[in-house]
Amino acid sequence: MELRYKSTRSGRTAAASEAILKGLSEDGGLFVPERIPALDKTPRELGQMSYGQVAYEVMKLFLTDFTEEELRRCIADAYDEKFDTEEIAPLAEAEGVWFLELFHGKTIAFKDMALSILPHLMITAAKKNHVDREIVILTATSGDTGKAAMAGFVDVPGTRIIVFYPKNGVSPIQERQMLTQKGDNVLVAGIHGNFDDAQTGVKKLFSDRELEKEMAEAGYQFSSANSINIGRLVPQIVYYVYAYARLLAEGRITDGEKINVTVPTGNFGNILAAYYAKLMGLPIGKLICASNENKVLFDFFSTGEYDKNREFVLTSSPSMDILISSNLERLIYRISGDDASKTALLMQQLSEKGSYEITEEMRERLSDFYGGYAKEQEAFDKICSLYEDTGYVIDTHTAVAAAVYDRYREETKDDAPTVIASTASPFKFARSVMTAIDPDYAEAKWDDFALVDELSRIANVEVPAAVEELRAAPILHHTECEKDGMEAVVRDFLKI
């Protein structure tokens with residue numbers, strides 16, 4: 001039975017492959033499945049499967065216009081030796097919780113989990129829909145999506161990729177990963193602004209009908225690798241299903257026992273995937289939404305009002321330095337009773353005045369979620385205490401989640417088994433992580449790669465290849481622009 005996708009802002013529908021190709025609906029809405037399919041394999045059955053096999057069992061239910069052969073080939077091409085562990089997403093236990101390590105891919109961040117497969121899904125979708133234009137992936141990144149997308153799409157025939165990032169809003173390792181990216185079809189540009197400026201600019205380019213027409217005449221069409229693309233969201237559901245199945249197979253939980261899931265998030269896509277897994281029938285209790293000091297999501301869950309009109313804070317967890325959580329629109333659509341006109345009105349209010357407020361009835365449908373936030377020092381304290389108590393080292397984003405979870409457990413006394421999404425390798429944020437462990441590491445004598453080596457020593461973990469290869473890699477990208485100059489960068493790269 002075909003599963004189609006609806007725009008959150010109108011009644012328009014599309015097949016899965018069409019939704020993946022478009023990325024964003026013509027009306028500015030996000031594509032959501034018209035219904036959430038139920039898992040047709042039990043967690044015990046899934047526990048006997050590899051990551052790739054679980055991926056097929058989940059994704060076949062959502063991507064119904066892909067043949068079994070097409071989907072299995074995409075999965076096989078994605079989850080291979082690019083990952084440094086056969087498990088793909090291993091679970092590490094520390095202090096009585098399980099850290100779901102989502103950073104074993106080529107760019108050592110959770111974005112690899114979906115962006116390793118998105119290029120294969122997109123190229124397959126293009127063939128299915130007889131697309132004869134070159135696909136231009138247009139992406140805004142808060143640090144991780146950009147590199148992961150470039151690594152996925154580099155030199156893929158029939159594609160180009162343009163990445164915009166906040167020039168002074170990512171870690172040194174993150175920036176170096178992007179600026180050293182090879183590939184004739186790749187462009188990276190640092191904007192003089194923050195991530196929200198980059199994301200807003202990308203959305204504006206997507207909705208520019210005149211630009212769309214000019215691009216079509218030149219043989220191009222836009223698509224997105226951001227988490228607004230349903231081809232990003234569906235693969236993210238997989239690792240929550242896999243985590244539950246592994247815990248059951250290893251005897252860590254009993255069949256049907258509920259687990260809590262804690263996710264550090266800014267754009268809301270990663271925790272939305274966990275919510276979709278719960279709607280599919282996975283036994284998940286509370287979804288703990290962890291924010292850093294840009295706590296717009298915490299305030300939303302606390303008050304029912306979403307308000308981006310506030311100071312933007314640069315933190316040590318830059319991938320969460322976001323004030324416009326794009327994927328929240330998908331949740332708004334669901335709690336409104338799939339009311340596209342209501343969703344469109346709220347998004348219009350967000351665009352025009354920077355805020356909106358949901359109804360009391362909608363708030364009552366948020367009971368699956370708990371919102372929390374951690375200050376910078378709380379995240380640093382968590383990195384330090386976890387290392388001192390267990391020897392396990394986590395990155396700054398995961399630390400936000402762990403600190404929020406500690407407060408949740410203290411407040412609620414809920415001791416249900418808990419999985420914390422560990423979204424990046426500590427090596428990606430070595431300076432912040434090492435300073436948290438010992439302030440002496442903040443001294444100037446420690447350059448970024450000296451800190452990487454020291455982290456490797458104290459954690460007894462080998463330096464990831466993704467970081468090691470950066471030591472001598474030349475800087476290949478030098479483009480910078482103002483936030484209103486993004487269209488000119490696109491036109492120059494595409495020669496239109």
Side-chain angles (χ1 to χ4, degrees), residues 36 94-100 102 110 236-237 239-240 243-244 247 253 257-307 315 317 319-320 322-323 325 327-336 357-376 378-379 381-382 386 394 396-423:
I36 303 295
E95 292 189 335
V97 299
W98 287 276
F99 289 86
L100 178 60
L102 302 172
F110 83 101
Q236 289 180 277
I237 299 168
Y239 46 74
Y240 294 110
Y244 188 94
L247 291 175
I253 57 175
E257 184 176 5
K258 287 188 176 182
I259 65 168
N260 292 331
V261 174
T262 306
V263 185
T265 188
N267 224 358
F268 205 73
N270 202 2
I271 195 166
L272 182 70
Y275 178 57
Y276 277 16
K278 177 173 182 171
L279 295 176
M280 294 182 78
L282 197 70
I284 292 176
K286 193 64 74 172
L287 295 152
I288 301 163
C289 178
S291 300
N292 64 14
E293 291 185 26
N294 292 290
K295 57 187 182 70
V296 64
L297 286 168
F298 166 77
D299 291 340
F300 169 73
F301 284 113
S302 300
T303 67
E305 182 182 14
Y306 192 97
D307 187 356
T315 74
S317 46
S319 295
M320 298 162 66
I322 293 171
L323 295 180
S325 304
N327 270 288
L328 188 64
E329 181 172 340
R330 288 184 164 114
L331 179 64
I332 295 298
Y333 178 77
R334 183 167 184 88
I335 64 175
S336 71
E357 188 167 4
I358 61 174
T359 64
E360 192 58 39
E361 183 182 8
M362 292 169 73
R363 284 193 70 184
E364 290 171 2
R365 294 175 180 170
L366 294 175
S367 59
D368 290 314
F369 294 89
Y370 168 94
Y373 81 99
K375 296 179 180 178
E376 280 282 272
E378 290 175 310
D381 289 347
K382 185 62 189 181
L386 187 65
I394 55 176
T396 47
H397 303 74
T398 308
V400 168
V404 167
Y405 173 67
D406 285 347
R407 187 178 304 124
Y408 167 80
R409 186 165 54 179
E410 186 179 322
E411 284 181 7
T412 65
K413 312 304 179 190
D414 181 357
D415 285 326
T418 295
V419 168
I420 295 177
S422 187
T423 52

**Message:** Before you tell me yes or no, could you show the steps for H397 and F110 under side chain to side chain contact (heavy atoms under 4.5 Å, CB included), namely the whole-Å CA-CA distance, both residues' side-chain angles and the distance that decides it to 0.1 Å?
**Reply:** CA-CA 11 Å; H397 303 74; F110 83 101; over 6 Å; no
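- Atom-to-atom distance recorded for S302:OG and R363:CZ is 8.0 Å, nearest 0.5 angstrom.
- Between Y240 and Y276, the ring center distance fails the sub-6.0 Å criterion.
- With hydrogens and angles disregarded, no donor-acceptor distance shorter than 3.5 Å links the side chain of E95 to the backbone of L386.
- With sequence neighbours excluded, the residues forming a ring pair (Phe, Tyr, Trp, His ring centres under 6.0 Å) with F99 are Y392, listed by chain and number.
- Here the straight-line distance linking atom OG1 of T265 with atom CG of N292 works out to 10.5 Å at 0.5 Å rounding.
- Judged by distance alone, with hydrogens and angles left aside, the side-chain atoms of N260 form a donor-acceptor pair with the main-chain N or O of K286 at under 3.5 Å.
- Nearest heavy-atom pair, T396 versus S317, reported as atom, atom and distance to 0.1 Å: OG1-CA, 3.9 Å.
- The shortest distance between side-chain heavy atoms of L297 and I271 does not fall below 4.5 Å.
- Looking at every heavy atom in both residues, P264 comes nearest to A421 through CD-O, 3.4 Å.
- Remark: Y373 engages F298 in a ring pair (Phe, Tyr, Trp, His ring centres under 6.0 Å) (not counting sequence neighbours).
- Considering all non-hydrogen atoms of both residues, V404 and S291 come closest at CG2-O, 4.4 Å.
- Residue I288 holds its CD1 atom at 12.0 Å from CG of D368, rounded to the nearest 0.5 Å.
- Environment of CD in E361: sparse, with no more than 12 heavy atoms of neighbouring residues, nucleotides or ligands closer than 6.0 Å.
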**Request:** Begin with the C-alpha distance, continue with both residues' side-chain angles, and end with the deciding distance and a verdict on side chain to side chain contact (heavy atoms under 4.5 Å, CB included) for I253 and Y244.
**Result:** CA-CA 8 Å; I253 57 175; Y244 188 94; 3.5 Å; yes
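- Between I335 and M362 the shortest heavy-atom distance is O-CG, 3.4 Å.
- Put simply, CG on L366 and CG on L331 are 6.0 Å apart, with the number rounded to the nearest 0.5 Å.
- Between K382 and E378 no salt bridge is recorded (no basic side-chain N to carboxylate O distance below 4.0 Å).
- Looking at T418, its side chain never comes within 3.5 Å of a backbone N or O of V261 through a donor-acceptor pair.
- Side-chain contact annotation: T398 with S422, donor-acceptor N/O pair under 3.5 Å present.
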**Request:** Applying side chain to side chain contact (heavy atoms under 4.5 Å, CB included), run through Q236 and N270 and close with a yes or a no.
**Result:** CA-CA 7 Å; Q236 289 180 277; N270 202 2; 3.6 Å; yes
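- In this structure, the separation between CH2 on W98 and CD1 on I420 is 11.0 Å, given to the nearest 0.5 Å.
- Among all heavy-atom pairs drawn from E357 and T303, the shortest one is OE2-O, 4.4 Å.
- In plain terms, the two heavy atoms of A403 and A374 that are nearest each other are CB-CB, 3.9 Å.
- If you take CZ on F268 and CE on M320, they are separated by 12.5 Å, rounding to the nearest 0.5 Å.
- For D414 (side chain) and A416 (main-chain N/O), a donor-acceptor pair under 3.5 Å exists by modelled atom type.
- A donor-acceptor pair under 3.5 Å is absent between the side-chain atoms of R365 and the main chain of I332, judged by distance alone.
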